[in-house]
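Model, not experiment: these values are computed from the prediction. Side chains included, hydrogens not; waters and symmetry mates left out as well; all remaining heavy atoms used.
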Amino acid sequence: MYSTKRLIHLFINAIAASAGGGLTYVRNVLPRLAARENARATLLVSGALGSEVTASERITLLCEDYPAGSARRLWYEQFYLPDMVSRSKADVLVSTGNFALYRSPVPQILLSRNALYLSADFERDLHQRGDYRLWLDTKVKGILARWSVIAADCTVAPSSTFASELRQWTGKDVVCIHHGFDRELFFSDQSSLPADVQAKVAASSGSVRLLFVSHYNYYRNFETLIRALAILKKKLHPRTVRLILTCKLNSRENPGTYQADSANALVRDLQLSSEIVELGTIPYSSLHNLYRLCDFYVTPAYAETFAHPLVEAMASGLAVIASELPVHKEICGEAALYFPRFSPEMLAERVLEATQAPVQADAMREMGLLRSRDFSWDKHIDELLQLAVRLAGRRIESLA
């Protein structure tokens, strides 16, 4: 039987964590693991992330430059990773990038957090846009992701909603461990927003400010939000409305292969250039300042597994207006108003409802502040370590 008195040693494969949720995960989990007396970790990262993290008494850092491209990365992991894990003498492998290691030498926990592989809406969207290259890429990765859930000893999803979807997709049991939120860190930097950003936001003074935190992609459903903005422009008149984006509707200024041309054209067709404030990427350390300058947080996304900005918005005291995805309801509860994900009319109606019922909006803000405190990275680490200890114990029993 595995002794809970000894250190549990995790090998964390985060070599694919270069942006988005993977990067957020590593940045939050690593310092908390380093502070635990009952755990140590060997962390595998790419050279780019290696400059951001440091080794410590309980953290061994491995920096590797791997071939570009998902297929090459997968081949690299399958070929080289088993030996790395064995040499580290880790008890459990934690694979953070949606794909599992085939024939892992130790029990493996797979962190699965990409809803696009299961999303019929995303597949339909790609067909409508004629983006068959991305459609094929998603199909191939979906096959690998499904196989990974089946191959791993245990799969962890960041929400109960996504865990249920993975169970239905694969027939395998999947555990929910909510992602966390570091309130102290999020609000710790007291520096102001960059001067150019402040100027753009200040120019919208007196308007109803709607905030959407995301780079441009298809599944965040920008076009529905843009169409709703046109409706709000008419219905709120003479009061003005501004949609504040932390991206630019320009394909060259967004990560990945998503093409923003259709959204840009829609803005021009609906004559909304003055109503949309394109800020571009905001440093995470000063993002809380932007939330607090806005009136409502809106998201029309049609695919999500957790959605960290919802928690950030609630913690910042914003009422939330979100598409009626089960995962949005799981995260926000009664702190949000919901609308059908492809209905700009109902999105606009919910914004109008919130602006015209300040008592209700204030109640949502209060509920959001309370709900945001339910998400903790320390709790996430507790549950992850408990799971790792159980898996390590089963392996020792099977070898006895």
Visitor: For F212 and F222, what are the C-alpha separation, side-chain angles and deciding distance, and is it a ring-ring contact (aromatic ring centres under 6.0 Å, His included)?
Guide: CA-CA 9 Å; F212 188 30; F222 278 72; 5.1 Å; yes
Visitor: The test is salt bridge (charged side-chain N to carboxylate O under 4.0 Å, His left out); show your working for K139 and E123 and say whether it passes.
Guide: CA-CA 9 Å; K139 277 290 185 185; E123 182 173 5; 3.5 Å; yes
Visitor: Given F375 and H179, is the ring-ring contact (aromatic ring centres under 6.0 Å, His included) satisfied, shown in steps?
Guide: CA-CA 7 Å; F375 300 99; H179 280 180; 10.0 Å; no
Visitor: Please report the closest heavy-atom contact between L7 and N38, naming both atoms and the distance.
Guide: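 Result for this residue pair: CD2-C, 3.4 Å.
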Visitor: Parallel, tilted or perpendicular: which fits the ring planes of Y219 and F122, with parallel below 30° and perpendicular above 60°?
Guide: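 Aromatic pair Y219/F122 classed perpendicular.
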Visitor: Give a yes or no on whether R292 atom CZ has more than 12 heavy-atom contacts from other residues, nucleotides or ligands under 6.0 Å away.
Guide: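 More than 12 within 6.0 Å, yes.
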Visitor: What are the two closest non-hydrogen atoms of I8 and A392, and how far apart are they?
Guide: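 What the structure gives for the nearest pair is CD1-CB, 3.9 Å.
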Visitor: Hydrogens and angles aside, do H328 and S323 bring a side-chain donor and acceptor to less than 3.5 Å of each other?
Guide: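 Their side chains do contain a donor-acceptor pair, which is all the 3.5 Å distance test asks for.
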Visitor: Tell me, do L30 and I12 make a side-chain contact under 4.5 Å, heavy atoms counted?
Guide: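 Side chain of L30 against side chain of I12, heavy atoms only: no contact under 4.5 Å found.
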Visitor: Strictly by modelled atom types, are N98 and Y117 linked by a side-chain donor-acceptor pair under 3.5 Å?
Guide: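 N98 vs Y117: no donor-acceptor pair found between side chains.
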Visitor: Would you say that T161 contacts L325 through its side chain, given a criterion of any heavy-atom pair below 4.5 Å between the two side chains?
Guide: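 No, too far: nothing below the 4.5 Å cut-off.
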Visitor: Can a side-chain donor-acceptor contact be found between D378 and S376 if the only test is distance below 3.5 angstrom?
Guide: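 No donor-acceptor contact under 3.5 Å links the two side chains.
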Visitor: Any side-chain donor-acceptor pair under 3.5 Å between Q259 and D131?
Guide: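 The answer is no; no qualifying pair exists.
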Visitor: Can you tell me if H178 and E330 form a side-chain donor-acceptor pair at under 3.5 Å?
Guide: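 Note: H178 and E330 side chains meet the donor-acceptor criterion.
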Visitor: Looking at side-chain heavy atoms only, is the closest gap between E278 and K200 below 4.5 Å?
Guide: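 No, every pair of side-chain atoms sits at 4.5 Å or beyond.
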Visitor: Within a radius of less than 6.0 Å around CD of Q271, do more than 12 heavy atoms belonging to other residues, nucleotides or ligands occur?
Guide: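 Atom CD in Q271 is not crowded, with 12 or fewer foreign heavy atoms closer than 6.0 Å.
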Visitor: Could you tell me whether E253 atom CD has more than 12 heavy atoms of other residues or ligands within 6.0 Å of it?
Guide: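 Enclosed: over 12 neighbouring heavy atoms sit under 6.0 Å from CD of E253.
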Visitor: Is it true that atom NZ of K379 has more than 12 heavy atoms of other residues, nucleotides or ligands lying nearer than 6.0 Å?
Guide: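 No, because the 6.0 Å sphere around NZ of K379 holds 12 heavy atoms or fewer from other groups.
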Visitor: Under a 4.5 Å cut-off applied to non-hydrogen side-chain atoms, are L369 and R373 in contact?
Guide: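 No; the side chains remain at least 4.5 Å from each other.
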Visitor: Test D382 against R36 for salt bridge (charged side-chain N to carboxylate O under 4.0 Å, His left out), laying out the working first.
Guide: CA-CA 10 Å; D382 286 342; R36 295 299 178 104; 2.7 Å; yes
Visitor: Does E223 come within less than 4.0 Å of R129, counting only side-chain N to carboxylate O?
Guide: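 Counted as a salt bridge, because a side-chain N and a carboxylate O are separated by less than 4.0 Å.
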Visitor: Compute whether any side-chain donor of one residue and acceptor of the other, for T42 and H9, lie under 3.5 angstrom apart.
Guide: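 H9 and T42 do have a side-chain donor-acceptor pair below 3.5 Å.
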Visitor: To check you understand the geometry: which heavy-atom pair defines the closest contact between A100 and S148, and what is its length?
Guide: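 Minimum heavy-atom separation between A100 and S148: N-OG, 2.9 Å.
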Visitor: Going by heavy atoms in the side chains, are F339 and P300 under 4.5 Å from each other?
Guide: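 Yes; the side chains approach each other to less than 4.5 Å.
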Visitor: Just by modelled atom types, is the V106 backbone N or O under 3.5 Å from a matching donor or acceptor in the S104 side chain?
Guide: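 Indeed, once roles are kept as given, a pair shorter than 3.5 Å links the two residues.
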Visitor: Does the side chain of T60 come under 3.5 Å of the side chain of R40 through a donor N or O and an acceptor N or O?
Guide: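 Yes, side-chain donor-acceptor contact under 3.5 Å.
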Visitor: Which word best sums up how the rings of W135 and H127 line up, parallel for under 30°, tilted for 30 to 60°, or perpendicular for over 60°?
Guide: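 Tilted: the ring planes of W135 and H127 meet at 30° to 60°.
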Visitor: Any side-chain heavy atom of E312 sitting closer than 4.5 Å to one from Y284?
Guide: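 Contact flag for E312/Y284 side chains = yes.
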Visitor: Is there a donor-acceptor pair closer than 3.5 Å between any side-chain N or O of Q78 and the backbone N or O of Y102?
Guide: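 Such a contact is found between Q78 side chain and Y102 backbone.
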Visitor: How are the rings of F306 and H308 set relative to one another: parallel (under 30°), tilted (30 to 60°) or perpendicular (over 60°)?
Guide: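 Tilted: the ring planes of F306 and H308 meet at 30° to 60°.
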